[in-house]
Protein chains: 2
Amino acid sequence: MVFSEHPVLLLLATDIDKDEGSGHGSSQNHSTEPPPMRKFDDSIPLKLLKARESTMAFFRPVLQEIGLTEQQWRVIRALNEHHELESKQLAELCCILSPSLTGIINRLEAQDYLKRRKSTEDQRRVLISLSEKAKIMFANVSPRLEGCYETMTNQLSPEKMQQLKELLDEIIKLER
Amino acid sequence: MVFSEHPVLLLLATDIDKDEGSGHGSSQNHSTEPPPMRKFDDSIPLKLLKARESTMAFFRPVLQEIGLTEQQWRVIRALNEHHELESKQLAELCCILSPSLTGIINRLEAQDYLKRRKSTEDQRRVLISLSEKAKIMFANVSPRLEGCYETMTNQLSPEKMQQLKELLDEIIKLER
DNA sequence: CCCATCTACTTAATATATTAATGAGATGGT
DNA sequence: ACCATCTCATTAATATATTAAGTAGATGGG
């Protein structure tokens with residue numbers, strides 16, 4: 001994997017106008033110069049973005065049907081496992097920053113999907129839990145989503161899915 | 001100014017009480033009961049989200065330093081490879097929907113990072129290309145980002161990275 | 001040529017992401 | 001008890017994501 005390149009050469013390279021017909025016709029490389037920069041769509045962050053999109057496509061129809069966003073469902077799902085959580089804990093579990101979570105909680109509360117109360121020991125903390133309505137909805141919807149998950153897993157193959165999980169866990173652990 | 005925070009990714013040692021399932025403790029399942037649901041953070045979409053966050057942590061400091069967002073950089077990077085693109089093509093390459101792209105282009109144009117012109121044959125199409133300022137900036141910044149990429153790759157191992165790419169490509173191909 | 005239809009882009013409205021700042025409440029040292 | 005300092009949640013400001021609606025320009029059939 002070579003990343004080193006001369007900025008100047010790079011600039012010159014951009015002067016080569018590629019025809020832009022939907023395909024990436026990169027067949028005209030006549031130079032014997034150092035390998036060009038990593039191609040745009042070879043980037044891991046971009047692939048992770050696309051992959052996430054592909055997986056969400058399996059679930060979106062169901063969520064859309066019940067009128068919940070991805071993030072709202074993540075919050076409800078986390079609360080289903082933990083009964084009651086502080087805002088901060090919820091944020092960590094759901095990978096949602098606190099300021100975003102505040103709005104999400106407000107909207108879910110307005111729909112009677114959850115309740116908030118203040119901790120008696122520490123008045124700063126807000127404790128959040130599911131309403132009965134949310135529990136019932138969850139019980140109805142989650143089997144359908146599990147079905148979607150199974151479909152997706154089988155379409156790739158359970159082995160590859162497992163392998164992917166392990167690699168993702170390693171990436172997640174990386175510290176910059 | 002702390003990036004290392006991203007509290008979202010530090011859910012390693014959260015002292016969130018575990019057990020407490022609503023009545024149905026889940027250590028052992030009856031064979032007749034429906035299988036317990038997948039645990040929350042075993043979900044592939046969530047892992048993909050976290051993994052993307054982890055990878056972006058390697059690049060964010062550099063982007064932040066030059067005052068560009070992730071999406072803005074993606075656009076500039078794509079334009080660096082293709083010289084001139086229609087809005088629609090750019091959207092597809094960058095995985096950004098048209099309405100978002102409109103705003104991103106406006107802001108980048110306001111900073112003199114790119115130029116837009118209308119196609120002469122088809123007045124509907126907008127053609128976008130980098131300004132000289134952007135090309136120079138790109139030439140200066142991209143080597144640093146390539147360095148970040150290399151650091152990340154080595155930290156995981158190039159082999160695993162390659163393996164991950166292949167699995168992600170398979171996921172991306174899945175059709176719902 | 002006329003018109004229905006389609007396409008590319010934009011606008012609008014709402015939800016979320018991100019960083020900085022604020023306000024109420026806890027905490028420790030003196 | 002007093003005060004500087006922290007912490008948690010929220011607000012503010014800006015950028016993006018997402019769906020729906022709108023607008024101008026192409027396109028094909030009658």
Side-chain angles (χ1 to χ4, degrees), chain A residues 20 22 45 49-50 52-53 56-57 59-61 63-65 67-76 85-92 94-111 113 116-128, chain B residues 1-10 14-15 45 49-50 52-53 56-57 59-61 63-65 67-76 85-92 94-111 113 116-128:
Chain A
E20 32 74 338
S22 56
L49 183 63
K50 289 181 181 174
R52 184 174 150 75
E53 254 311 293
M56 285 312 299
F59 308 99
R60 233 185 274 285
L63 292 180
Q64 204 134 347
E65 192 179 310
L68 288 177
T69 67
E70 250 182 74
Q71 294 87 344
Q72 289 170 344
W73 179 254
R74 243 187 290 158
V75 165
I76 288 174
L85 287 171
E86 293 175 22
S87 185
K88 192 187 181 186
Q89 298 175 311
L90 198 51
E92 286 177 3
C94 297
C95 291
I96 294 173
L97 296 177
S98 286
S100 299
L101 191 56
T102 295
I104 294 171
I105 289 172
N106 285 338
R107 284 176 284 273
L108 284 176
E109 191 184 25
Q111 293 181 278
Y113 278 130
R116 63 182 354 146
R117 70 182 184 91
K118 286 205 163 190
S119 163
T120 49
E121 319 89 55
D122 189 338
Q123 288 294 103
R124 291 170 304 181
R125 294 165 199 267
V126 175
L127 298 174
I128 299 156
Chain B
M1 234 330 198
V2 195
F3 300 109
S4 49
E5 106 281 14
H6 268 282
V8 155
L9 297 175
L10 305 176
T14 44
D15 48 347
L49 181 65
K50 288 180 183 175
R52 183 173 151 76
E53 254 310 295
M56 285 312 299
F59 308 99
R60 234 186 275 283
L63 293 179
Q64 203 133 347
E65 192 179 310
L68 289 177
T69 67
E70 247 182 76
Q71 294 86 344
Q72 290 170 344
W73 179 253
R74 242 186 290 158
V75 165
I76 289 175
L85 286 173
E86 294 174 21
S87 185
K88 192 189 181 186
Q89 299 175 310
L90 198 50
E92 200 176 327
C94 298
C95 291
I96 294 174
L97 296 177
S98 287
S100 299
L101 191 55
T102 295
I104 295 172
I105 290 173
N106 285 338
R107 284 177 284 272
L108 284 175
E109 191 183 24
Q111 293 181 279
Y113 278 131
R116 69 194 333 159
R117 69 182 183 90
K118 285 205 164 190
S119 165
T120 49
E121 319 88 54
D122 189 336
Q123 290 292 103
R124 291 170 304 181
R125 294 164 200 269
V126 175
L127 298 174
I128 300 155

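Side chains included, hydrogens not; waters and symmetry mates left out as well; all remaining heavy atoms used. Naming convention: chains lettered A, B, ... in sequence-line order (proteins, then strands); numbering from 1 in each chain.
For Arg52(A) and dA17(C), the CZ to C1' distance is 13 Å, given to the nearest whole Å. Arg125(A) has its CZ atom 12 Å from the C1' atom of dC6(D), to the nearest Å. When the P atom of dA15(D) is taken as reference, atom CD1 of Ile96(B) falls 14 Å away, rounded to whole Å. Between the C1' atom of dT18(C) and the CZ atom of Phe59(B) lies a distance of 19 Å, rounded to the nearest Å. Per the geometry, CZ belonging to Arg60(B) stands 9 Å off C1' belonging to dT18(C), to the nearest Å. One interatomic measurement links the two molecules: NZ of Lys88(B) to P of dC9(C), which rounds to 8 Å at whole-angstrom precision. The distance from atom NZ of Lys118(A) to atom C1' of dA26(C) is 13 Å, rounded to the nearest whole Å. Rounded to whole angstrom, the span from the CG atom of Asn106(A) across to the P atom of dA9(D) amounts to 13 Å.
Closest approach of Glu70(A) and Leu63(A) over heavy atoms only: CA-CD1, 4.2 Å.
Of the residues near DNA chain C, Glu70(A) and Arg124(A), the one whose nearest nucleotide (by heavy atom distance) lies more toward the 5' end is Glu70(A). In this structure, Gln64(A) and Glu86(A) both approach DNA chain D, and ranking their closest nucleotides by distance from the 5' end singles out Glu86(A).
Nearest nucleotide to the Asp122(B) side chain, out of dA26(C), dG25(D), dA12(C): dG25(D). The side chain of Gln71(B) lies closest to dT16(D) when the candidates are dT19(C), dA17(C), dT16(D). Among dT10(C), dT7(C), dT19(C), the nucleotide with an atom closest to any side-chain atom of Pro99(A) is dT19(C). Of the candidates dT11(D), dA15(C), dT18(D), the closest approach to any side-chain atom of Thr69(A) belongs to dA15(C). In the set dA9(D), dT16(D), dT19(D), the nucleotide with an atom closest to the side chain of Gln72(B) is dT16(D). Minimum atom distance to the side chain of Ser87(B) is reached by dC9(C), of the listed dC9(C), dT18(C), dA9(D).
For Arg107(B), no side-chain nitrogen or oxygen approaches OP1 or OP2 of dT14(D) to under 4.0 Å. For dT10(C), the OP1/OP2 oxygens have a side-chain nitrogen or oxygen of Arg116(B) closer than 4.0 Å.
The existence of a salt bridge linking Glu53(B) and Arg60(B) is confirmed by a sub-4.0 Å separation between a basic side-chain nitrogen and an acidic carboxylate oxygen.
No side-chain heavy atom of Thr69(A) sits under 4.5 Å from any side-chain heavy atom of Ile104(A). Between Tyr113(A) and Leu68(A), some side-chain heavy-atom pair lies under the 4.5 Å cut-off. Between Arg74(B) and Cys95(B) there is a side-chain heavy-atom pair separated by less than 4.5 Å.
The residue Ile104(A) sits close only to the backbone: its heavy atoms come under 4.0 Å of sugar-phosphate atoms, none of a base. Among the atoms of the strands shown, base atoms are found under 4.0 Å from some heavy atom of Ser100(A). When heavy atoms are screened at a 4.0 angstrom cut-off, Ser98(B) is found touching base atoms of the nucleic acid.
Judged by distance alone, the side chain of Arg116(B) and the main-chain N or O of Ile128(B) form no donor-acceptor pair under 3.5 Å.
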Would you check, one step at a time, whether the test side-chain contact (heavy atoms from CB on, under 4.5 Å) holds for Glu86(A) with Leu127(A)?
CA-CA 5 Å; Glu86(A) 293 175 22; Leu127(A) 298 174; 3.5 Å; yes

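Helix-axis bend for the helix from dC1(C)-dG30(D) to dT30(C)-dA1(D): the local axis fitted to the five terminal pairs at one end deviates from that at the other end by 10°, rounded to 10°.
Heavy atoms from other residues, nucleotides or ligands lying under 6.0 Å from CD of Glu92(B) number 12 at most.
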